[in-house]
Amino acid sequence: MTDYETSGEGGEAMVGIDFGKPLFTSEEIQRKIHELGARISADYADKDLLVIGVLKGALFFMSDLLRSLRISVCMDFMHVTSSASKDKGHPVRILADMKQDIKGKHVLLVEDIVDSGVTVDYLKKMLLDRGPESLKVCVLLDKPDRRQVQIEADYAGFRIPNKYVVGYGLDYQDRYRNLPYIAVLPLEERQGR
Ligand code: IMP
Ligand code: MG
């Protein structure tokens with residue numbers, strides 16, 4: 001039995017909160033990541049790839065995705081947050097930028113979820129301005145019903161309905177990221193805290 005198998009399928013991993021049946025169990029997440037990893041490994045088999053993770057949401061996804069790749073890659077991170085001012089021109093605030101110069105490199109941006117699409121769209125434009133050889137986006141979750149900006153990830157794990165989800169890196173007010181599975185946030189948690 002692996003650690004993942006013992007880590008709980010229900011709400012017992014987070015004391016006092018019943019998340020009910022996971023939307024995706026840790027086993028389902030790992031299986032999907034291995035599919036994505038195989039595709040990415042094949043697509044970049046003869047290229048040098050720089051994988052850039054968007055913190056904090058992509059923390060666990062990035063870590064598992066990188067370990068599922070069968071090619072040698074470099075990695076870096078950006079720490080971003082939604083801009084409090086909801087400024088249309090700058091919807092995203094860069095708390096910490098990556099260290100690498102991406103000019104002339106094959107870059108894969110790794111995010112937790114594409115929801116309205118504003119964040120990925122903004123980050124893509126920002127990175128394209130820096131002159132990479134190529135730029136693709138990989139997300140674990142895709143919530144197409146909420147899209148405000150026409151954008152599709154090049155690699156997407158699961159399509160999900162218009163529900164607020166937490167776990168495996170995804171948060172509500174910076175909590176529940178450490179759930180080993182992905183669950184819909186119970187409504188009473190959303191209103192009550
Ligand atoms: P955007 O709306 O596509 O710009 O997504 C902005 C950010 O909102 C994502 O990077 C996530 O961090 C967060 N987000 C969107 N939907 C969810 C969700 O269902 N659960 C947790 N975070 C979410
Ligand atoms: Mg977030």
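When reading the values below, keep in mind they use all heavy atoms of this one structure, side chains included, and skip hydrogens, waters and symmetry mates. Atoms within a ligand are numbered from 1 in the order they appear, just like the ligands themselves. As the structure is a prediction and not an experimental result, all values here were calculated from the model.
Residue contact check for ligand 1: S82 places no non-hydrogen atom closer than 4.0 Å to it. Residue contacts with ligand 1 include K163, since one or more of its heavy atoms lies under 4.0 Å from the ligand. Ligand 1 does not have V120 within reach: every non-hydrogen atom of the residue lies 4.0 Å or more from it. Residue contacts with ligand 1 leave out V166, since none of its heavy atoms falls under 4.0 Å from the ligand.
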request  = I would like to know whether D154 and R39 meet salt bridge (charged side-chain N to carboxylate O under 4.0 Å, His left out); could you show each step before the answer?
outcome  = CA-CA 11 Å; D154 301 279; R39 279 178 57 201; over 6 Å; no
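Numbered from 1 in the order shown, with element, the atoms of ligand 1 that lie under 4.0 Å from a heavy atom of D171 read 21 (C), 22 (N). Under a 4.0 Å criterion applied to the non-hydrogen atoms of S116, ligand 1 contributes the atoms 1 (P), 2 (O), 3 (O), 4 (O). The contact set between ligand 1 and T119, taken as ligand atoms under 4.0 Å from a residue heavy atom, comprises 1 (P), 4 (O), 5 (O), 6 (C). The distance from ligand 1 to the heavy atoms of E111 drops below 4.0 Å at these ligand atoms: 10 (O). Of all atoms in ligand 1, listed by their number and element, those nearer than 4.0 Å to a heavy atom of V118 are 3 (O), 4 (O).
Residue contacts with ligand 1 for V54 are absent, since no atom lies close enough (heavy atoms, distance under 4.0 Å). Residue-level proximity to ligand 1 for R146 is absent, since no heavy atom of it falls below 4.0 angstrom.
No close placement of the F24 and Y181 rings is indicated, their centers lying 6.0 Å or farther apart.
Looking at heavy atoms from C-beta onward, F77 lies out of side-chain contact with M98 at the 4.5 angstrom threshold. Contact check for E133 versus K103: no side-chain heavy atoms found under the 4.5 Å cut-off.
Applying the 6.0 Å contact sphere to CG of D48 captures no more than 12 heavy atoms from other residues, nucleotides or ligands.
Remark: the backbone N or O of K163 is paired with a side-chain donor or acceptor of K143 at under 3.5 angstrom.
Inclusion of G117 in the set of residues having an N or O under 3.5 Å from an N or O of ligand 1 is warranted.
Here D121 does not pair with K124 in a salt bridge; the nearest charged N to carboxylate O distance is not below 4.0 Å.
Nearest-residue assignment for atom 20 (N) of ligand 1 (options L170, I151, V184, V165; heavy-atom criterion): V165.
Checking D64 against Y168 by side-chain atom types alone, a donor-acceptor pair falls below 3.5 Å. Side-chain polar atoms of S68 and H34 form no donor-acceptor pair below 3.5 angstrom.
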